[in-house]
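Chain letters run A, B, ... following the sequence lines, proteins first, then strands; residues in each count from 1.
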Amino acid sequence: MSTPLAKVTIDGKELEVPAGTNLIEAAKKAGSAIPHYCYHEKLSIAGNCRICLVDIEKTPKLSIACNTKVTDGMVVHTNNQKVLEARQSVLEFILVNHPIDCPVCDQAGECKLQDYYMKHDLKASRMKEEKVHKDKAIALGPNVMLDQERCILCSRCIRFCKEIAEEDQLCFSERGNHNELTVYPGKKLDNPYAMNTIDICPVGALTSKDFRFKQRVWFLKEVDSVCPGCATGCNIKISHNKGVAYRLLPRQNEAVNETWMCDGGRFTFKPTNAENRLRHPMVRSEGALKVVRQEKAIEDIAKVLAAVPVSSILGIASAQFTNESNFAFWKFLKEVGVTDFYYQALEVSNPSQDDYLIHPDKNPNRAGVEALGLKALVEDKRYQLIFILGDLPSARLQKILLDRQRTVVVFSSHEGEGVELADIVLPVPTWVEENGTFTNKQKRVQRILPAFSAPAENKSVWEWTSLLAKACKKEKPVYQQINEVMADLSETIPDFKGVNPDKVGNQGFVLMS
Amino acid sequence: MKFEWTKENKKEIEDILTRYPTKKAALLPILHVAQEEFGWISPEVMEMVAQELDISPAHVYGVVTFYTMYNRKPVGKYHLQVCRTLSCAMMGSDRITSYIKKKLNINIGETTSDNRFTLNEVECLASCGTAPAMTINEKYFENLTEAELDKILESLE
Ligand code: SF4
Ligand code: SF4
Ligand code: FES
Ligand code: FES
């Protein structure tokens with residue numbers, strides 16, 4: 001049964017929307033943006049900020065759009081004189097006690113108070129009285145800072161905690177001029193989704209402990225990606241500038257994460273600029289790994305490949321790497337005759353989990369490597385030559401290596417236990433610098449795009465394997481660009497049939513099987 | 001001192017709960033029960049109430065701090081709450097407050113050393129027609145003047 005439609009006229013434009021749609025959403029469809037602070041499409045209606053006042057014909061007073069449902073025949077004006085004046089007055093009220101400390105406020109540049117003031121008000125203050133002062137720079141919890149003076153008391157953050165995070169940790173205390181946002185004395189805002197309050201706070205009252213004072217937001221560029229923190233694969237944006245990632249923000253995908261992400265996921269970009277980052281190809285000589293030219297590393301790998309019987313070669317893919325990296329890795333080794341493959345995954349004891357977004361599997365691409373037909377690593381045989389994507393814990397590695405005359409080739413972005421045991425190391429990008437796809441727990445193939453380039457000598461796995469294929473005198477798999485890897489993947493692996501960059505888009509594409 | 005519901009409190013709470021559609025809706029009367037029993041609403045009491053009603057302490061805190069009738073500090077035997085809102089302000093509530101301050105030698109929010117009087121300012125007592133107004137405990141005193149105040153304070157034990 002479909003919902004009945006209601007005909008409504010908004011700013012002269014007639015349109016039909018499902019009856020019961022609120023006026024903010026209906027106006028959006030009509031191309032009229034009604035300003036709003038307290039309204040949020042994912043939260044209950046509070047109707048307290050009054051900035052959304054509109055003029056409805058046959059209604060004596062202005063009405064708040066967020067709490068007005070469209071009825072058939074409604075005629076609405078969102079921009080007439082009466083509405084504009086009301087908007088100015090509301091802004092004047094909101095600004096009565098606002099500190100206007102934009103020059104030192106992290107929200108400046110993406111602040112709805114600034115934006116609406118510039119767009120709808122632009123009047124000088126008539127306030128002569130001293131403003132009410134409240135506390136600033138309060139650590140509400142491990143990740144969120146509060147400036148009580150900047151808060152416009154919209155209650156979005158309170159409703160978020162109650163309704164989405166399901167931990168009712170915030171409230172308003174006192175009243176009138178002294179009304180202020182707070183946690184219960186002695187308690188903390190520490191739920192696993194707390195940082196979403198920073199995103200939905202329309203002003204600079206809630207800011208990120210990690211991000212604040214690092215960058216002016218107008219310097220930041222954004223690129224679409226997917227959180228690698230767990231098998232959910234929340235859709236995100238990476239904010240970055242000059243080769244440095246500064247923060248991750250959730251990006252809407254109704255089928256995956258709606259408009260949210262977890263706090264743990266917000267920090268997954270940190271390793272990109274970490275100290276233990278690998279930046280050069282290395283080959284072991286005289287017992288230690290030494291930086292070499294990339295040609296030397298490639299040559300050495302080709303040499304051992306020629307010398308070792310394929311039955312004693314193992315390829316270990318990784319649930320931490322993209323579909324394309326894993327595929328190119330597998331395809332290259334297959335091409336030189338290797339038949340034994342496993343994949344490794346990040347194993348976490350007592351992983352965080354809940355029945356919302358946080359998945360206990362902390363790998364972004366287990367479904368992807370499994371769709372390639374790979375199985376999780378079992379230590380059942382010893383090999384002379386092992387190729388590994390990522391850093392394998394040394395205890396596990398020791399169990400599958402022959403005691404002598406063994407060679408370990410590792411593709412890794414960071415130093416680690418497995419890298420320490422390696423004989424040849426090829427540096428690769430982190431997910432922040434990578435172009436490709438992850439397959440989440442729903443088997444949804446989702447695109448990650450590079451925020452910036454990896455260090456000069458770091459190459460994607462498919463670039464390394466293309467060089468290796470050439471060095472081994474193979475025609476395949478040699479790729480010039482990521483789209484060729486994707487096309488080959490889609491042609492070769494039945495599960496990936498029909499997957500292409502257009503289909504994957506920015507909302508993902510669910511694998512058939 | 002440990003805050004604990006008495007048997008009678010528990011019965012009263014149970015009784016109140018039957019009159020509301022949800023537990024949360026009974027918050028105000030239950031806070032009154034608590035205040036009557038303990039004299040004020042301490043943080044411990046807020047948590048007790050939250051537990052009793054299956055709501056968060058944060059919610060209780062928001063409500064307690066919103067309403068001036070809930071004491072967040074122990075008060076004296078007589079709790080003077082002078083209205084400071086518009087009508088009363090225009091009719092001289094300032095003068096009334098200053099007079100009480102001087103007479104009892106306390107500031108707003110303070111209690112006399114003999115624990116008899118506590119003075120507070122509150123928002124509109126809904127007695128604007130007879131401004132300036134104040135309450136002492138549950139009782140209203142209206143059309144206040146300094147002379148009237150002297151009489152009232154003397155009449156109190
Ligand atoms: S802190 Fe931000 S989101 Fe929360 S009530 Fe204040 S303005 Fe609204
Ligand atoms: S729920 Fe998983 S995918 Fe989503 S933000 Fe958290 S760690 Fe990342
Ligand atoms: S958005 Fe409608 S009242 Fe706040
Ligand atoms: S203003 Fe004092 S009772 Fe209303």
For B:M90, look at atom CE and say whether over 12 heavy atoms of other residues, nucleotides or ligands are found less than 6.0 Å away.
no
Determine whether more than 12 heavy atoms belonging to other residues, nucleotides or ligands lie under 6.0 Å from atom CD of A:E41.
yes
If contact means a heavy atom pair closer than 4.5 Å, which residues of residues 57-88 of chain B contact chain A?
B:P57, B:A58, B:H59, B:Y61, B:G62, B:T65, B:F66, B:Y67, B:T68, B:R72
Just wondering, are more than 12 heavy atoms of other shown residues or ligands nearer than 6.0 Å to CZ in B:R19?
yes
Toward chain A: residues of residues 101-113 of chain B with heavy atoms under 4.5 Å
none
Take atom NZ of A:K69 as the centre, draw a 6.0 Å sphere, and report whether it contains more than 12 heavy atoms from other residues, nucleotides or ligands.
no
What do you reckon, is CD of B:E36 surrounded by more than 12 foreign heavy atoms closer than 6.0 Å?
no
Atom CZ of A:F93 with >12 non-hydrogen neighbours under 6.0 angstrom
no
In this structure, are over 12 heavy atoms from other groups packed under 6.0 Å from A:K123 atom NZ?
yes
Which residues in residues 122-144 of chain B have any heavy atom lying under 4.5 Å from a heavy atom of chain A?
none
Drop me the distance from B:S56's OG to A:E167's CD, to the nearest 0.5 angstrom.
10.5 Å
Take a 6.0 Å sphere around NZ of A:K209 and say whether it holds more than 12 heavy atoms from other residues, nucleotides or ligands.
yes
Tell me, side chain or backbone of A:Q169 under 4.5 Å from chain B's heavy atoms, or both, or neither?
backbone
Ignoring hydrogens and angles, write down the donor-acceptor pairs under 3.5 Å from the side chains of residues 182-189 of chain A, residues two or more places apart or on other chains.
unit_1, atom_1, unit_2, atom_2, d
A:Y184, OH, B:P43, O, 2.8
A:K187, NZ, B:E47, OE1, 3.4

